[in-house]
Structure formats: C-alpha cells, structure tokens
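Have a look at the structure below, then the notes.
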Amino acid sequence: MFEHLAAGGTGQLGLGEEADADAAALAARQVALLKPRLEARLGELELEGLFAEVEMPLVGVLAEMELTGVAVDVDALAALGERLGARAKEMEADIYGLAGEEFNIGSPKQLRQILFEKLGLPPDRTKRTKTGYSTDADVLAGLSEHEIAAKVLEYREVTKLKSTYVDALPRLVNAETGRIHTSFNQAVTATGRLSSTNPNLQNIPIRGELGMEIRRAFVAGLPDHVLLSADYSQIELRILAHITGDENLIEIFLRDEDLHRAAASEIFGVGPGDVTPPMRSCAKMVNFGIPYGISDFRLAREMGVSVEEAGRYRERYFERFPRLGEYVEEMPKAARAQGYVKTLLGRRRPLPELRTRASGVRRAAERMAVNTPMQGSAADIMKLAMLRVRDSLRKRGLGAKMTLQVHDELVLETPRAELPETAALVRDCMAEAYELRVPLKVAVKAGGNWLEMEPAA
DNA sequence: CCTGACTCG
DNA sequence: CATCCGAGTCAGG
C-alpha cells in the first residue's frame, strides 16, 4: 500500500510494514530519511536559515498531507465519464462529416493538414510551432468562419478533461484508504513552490461547466466532516506593494478596495464609480500580467488590442504606480549584477542567463527576475502558514487535517462541529504568517465539496 | 512567469 | 511488443 508515496515527492519510503503506524510516526521517519536529499538540493542555494526553519519541518507536514489524502466521489466521475464518452463520439462523427474524411483529431499534424490544406482555412501566421502552424485554442477560436474549429475546440476540452481527470482519478483511489494520495515535491521548482504529481492535484479544473463538474467530485470523505478552503487574495501583488513601497498600491490594499476597479480608475482617469466592465477587465489583465513580467506583445494578445495600445496601457499603469515601473525596470539590472534574485525569506534563484547575449534567452531571464521574488515570496509565506496551521491545530486539539496546497490556497478536511473555530484559526494563521506593509487577506470557505462552498470566517 | 499529464509520432 | 523522447496542447497557480 501507498506505493504511490514511495514513487516520488516526499514519499521516498516504502511503507509496507508500517501501514498501521500513525501518520506522525511515519512523518518523523520520512524527515530522517529525506534530510540528506533535501540538504543536497537546497544546501547549494545557501538556505541555512530557511532550510532549518521552514523546509525541514515542512517535510513532516507534507508527509501527513500525503497520508491523509483526499476523497473523491467515484460514482459521480464514472457517470460523468459515460456522458463524456458518448459526447466525444458524437463530436467525432460531426467533425469527420465537416472534414469530409476520418482522421486522428488528436494529432496536431493531421489536424493542421485538414484545417489549413484540405479546407483552406487561414492559419495564424504569427503563431508557428517547430513543425508548422499552430492549432492551439487561441488559433481555433479565431477560425470562426468554419464550424469545424469550434467543434474541435469543444472536442479537445471534453477529451482532455475525460482522460486527464474523469478517467484517471478513480484509478488512483487507494484500495486501503479509499482516498487519493498525491506526492508533494519540495525540491523541483525554481521559485520555491511545491509541485504535485501522481496525480497532480494542483491543476484540478475549476473553469467552465465541465471543469466545475470535476471539482464537485472532490468531497469531504469522513462522516460529519466538511472541506475548508482558505485562499490568499492577490498575495503576489501585495508582496509587490511591500517590496516596492508603491504608495498608491499600498493605499488600495490598506483601504481594501477592489484592486482591478481601482487600477482601471487610475489607468483611464475616471472616478471609481465610472469604471465600465471592459475597463475593469482591461486593468485586470494588466494586474495579472505584471507578476509575470508580461511583454507588450503578450498583453496585446490577451487584451485583443494592438501592441502599441497595450504599450500605452502599460505606460499609463506605471505612471500611476511609479515604483512598480521602477521595479520592473531595475530588478533585472540588479539581478544581473548579483547573479541571482532573492525572495523575502532569502531563497535564491541564480539567473546566469541575464548575461547572455542572445536576446530571447535574456528577455526570458529578465521576466524571471521580475517574477521570482513575487512568486517565490508567496511560496515562502504559504510554507510558513502551513507550519503555523499544523502547530495551532495541534495546540487547540482540533481534528482538521490539511489535505491540499494549491500555491495560494490551503484545503483542509474538518469535523463540521469544529468548523467555526477551525476556519478562524486557519484564517489567522495565514494572515499572520508574515508581516508585510499591507495586510494579507484570506478568504475562507467551506462546504461538502470543493466547488460549492460558502464563506466560513 | 511556475508547474505536470496526456497524446502523438 | 515495450519503452523512451520531444513536441504540442492545456489543466492549474
């Protein structure tokens, strides 16, 4: 049992004989066994403090989470799988009809031949892969002149979700526990985030009708328990406000304003009350793009405007949030001089590519220099929060178990009777995990499944 | 920008 | 026949 735990992540231990030992004891053994491995990986980055204070104790927390696992409604997934299988078959027939022949829709090469050669649809000449024109979702969405594009798009959605989630998840339910046990890997990402494999429970769908159906299948498995989800809201931009000291951005967070509305008001120079939905969604894209060190080119594509226009929005944005502009400008330079970037807790990411002459490679590294302090600091803070949650639950004798971490979200399964106390505790642990110049805001929700949740604290 | 899984060839 | 690998695509943050 627990073979999946032995396969990767923190689960390096074969658990066969110790199946009846309790989670804490197993976690302790994992800590002992994993220490050298983690030290080898993390020690290179001179993480002494971070390693002792965060990464080491976190090993035990992750091991407990892996052992706890999550419950899924297998019957619901089976029923959904039946429906999707039938739908995919119908769509397949439709697509063959429109194409005038049968082909492998899942082969980008064959699809490209049908769309751009046989049917003569216009490819997006700006989007090419190594082998030819791209057929990705963006491109297909632009091919509205032929019914087939929308059909293929829908076919892709259905088959992707069916094979990756609906069919795969039930097979990973452990026979002993009746639950799914992922592996959280602590030492693969460049930024300090966790990753999750076998299965990856950090990319469970949420968008779209079908995505929501899948998320609904993640349930509280124990009697009289509920799922509790706690989410940092806009943690990366809050960290950016902290790092840069941008007064305008800090003010928005101190007043707990609607960030996207406030940014739109600044960009377009209108009162907050006069922000229209398109203006808000435009500002939202800029806000999301900043942490990625987004290029005008990408921003333009996201917003559906010209590169010049996107450039004007970006300039306007940085006029109103000047310290952010300085940050985006200066961080790559400073990183180049240092050879690395650092997160709030001192985690280092070397970026030797900043000195490369090849501009594509260097630009990518420059975006990493912008992004990593935010993404990595958010990861640091979440890790501190998880340690705090574990200790606090223990101290208060609460029965809640952490089950998942999805970068800015923590999911627990908790006895319903303890929900109010647990919700408040998790909220406070996360909010107080690290003190910034702006508050850390946490949204806590609870419910019987991972989709339908109500505010809980 | 950071990931992991699936499919094809 | 089994297995590996790169490429393409797309799920999440």
Side-chain angles (χ1 to χ4, degrees), chain A residues 7-9 88 103-113 127-141 152-169 171-172 182-208 210-215 218 229 231-237 240 288-295 298-299 302 328 331-332 341 343 347 349 351 353 363-379 382 404-411 450:
Chain A
F103 66 102
N104 187 341
I105 309 168
S107 162
K109 184 161 165 264
Q110 290 184 40
L111 179 63
R112 182 192 309 140
Q113 198 271 327
K127 273 199 122 180
R128 313 187 59 143
T129 67
K130 289 181 179 169
T131 52
Y133 293 121
S134 169
T135 65
D136 74 13
D138 260 10
V139 173
L140 293 183
V152 171
L153 216 41
E154 199 192 343
Y155 176 84
R156 279 221 185 119
E157 181 191 1
V158 167
T159 53
K160 176 93 170 187
L161 296 184
K162 182 171 188 293
S163 68
T164 308
Y165 305 101
V166 179
D167 294 343
L169 290 174
R171 286 200 289 266
L172 291 165
T182 187
S183 294
F184 286 107
N185 202 321
Q186 208 174 338
V188 305
T189 70
T191 56
R193 276 187 174 184
L194 301 179
S195 78
S196 156
T197 57
N198 196 8
N200 181 357
L201 294 182
Q202 291 181 319
N203 72 343
I204 298 304
I206 177 77
R207 301 163 198 163
L210 194 40
M212 288 161 73
E213 280 298 309
I214 293 168
R215 200 160 266 237
F218 284 76
S229 154
D231 230 285
Y232 279 120
S233 63
Q234 285 139 0
I235 186 169
E236 291 189 7
L237 283 171
L240 186 59
F288 278 129
I290 295 300
Y292 297 160
I294 200 170
S295 62
R298 269 296 295 271
L299 188 60
E302 303 275 322
V328 169
M331 185 52 104
V341 289
T343 66
R347 187 187 306 275
R349 179 180 189 176
L351 286 172
E353 300 89 344
R363 293 271 166 72
E366 286 167 0
R367 288 193 286 275
M368 292 174 200
V370 171
N371 171 266
T372 297
M374 281 179 271
Q375 188 180 122
S377 298
M382 177 57 103
L404 295 176
Q405 187 254 50
V406 191
H407 310 306
D408 63 357
E409 174 185 16
L410 202 53
V411 180
W450 202 4

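Throughout, a chain's letter reflects where its sequence line sits, starting with A, and its residues are numbered from 1. What you see is a predicted model; the values in this text were computed from it and never measured.
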With [X], which residues qualify under salt bridge (Lys or Arg N to Asp or Glu O under 4.0 Å), at least two apart?
X	answer
A:Arg298	A:Glu302
A:Arg193	A:Glu236
A:Glu157	none
A:Lys127	A:Asp136, A:Asp138

message: Quick check for you: name the first and last nucleotides of DNA chain B, 5' to 3', having an atom under 4.0 Å from a heavy atom of chain A.
response: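 Listed 5' to 3', the contact boundaries are B:dC1 to B:dG9.
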
- line: In B/S/- notation (B base, S sugar-phosphate only, - none; protein heavy atoms under 4.0 Å), nucleotides 6-13 of chain C written 5' to 3' is -SSBBBBB

query: What salt bridge (Lys or Arg N to Asp or Glu O under 4.0 Å) pairs are there with at least one residue in residues 103-112 of chain A, not counting sequence neighbours?
result: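 Of all non-adjacent pairs touching residues 103-112 of chain A, none passes salt bridge (Lys or Arg N to Asp or Glu O under 4.0 Å).
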
field: Which residue lies more 5' along DNA chain B, comparing A:Pro199 with A:Thr191 via nearest heavy atoms
entry: A:Thr191

- prompt: Would a 4.5 Å heavy-atom cut-off, applied to side chains only, mark A:Val139 and A:Tyr133 as touching?
  reply: no

query: Heavy atoms under 4.0 Å, any strand shown: does A:Ala364 hit a base, just sugar-phosphate, or nothing?
result: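 Touches sugar-phosphate only.
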
According to side chain to side chain contact (heavy atoms under 4.5 Å, CB included), who are the partners of [X], at least two apart in sequence or on a separate chain?
X	answer
A:Thr164	A:Lys160
A:Glu409	A:Arg215, A:Ser229, A:Asp231, A:Val406, A:Val411, A:Trp450
A:Val328	A:Phe318, A:Val370
A:Gln110	A:Phe103, A:Asn104, A:Ser107

Check the interface with nucleotides 2-5 of chain C: list each N/O to N/O pair with the protein under 3.5 Å, or write none.
none

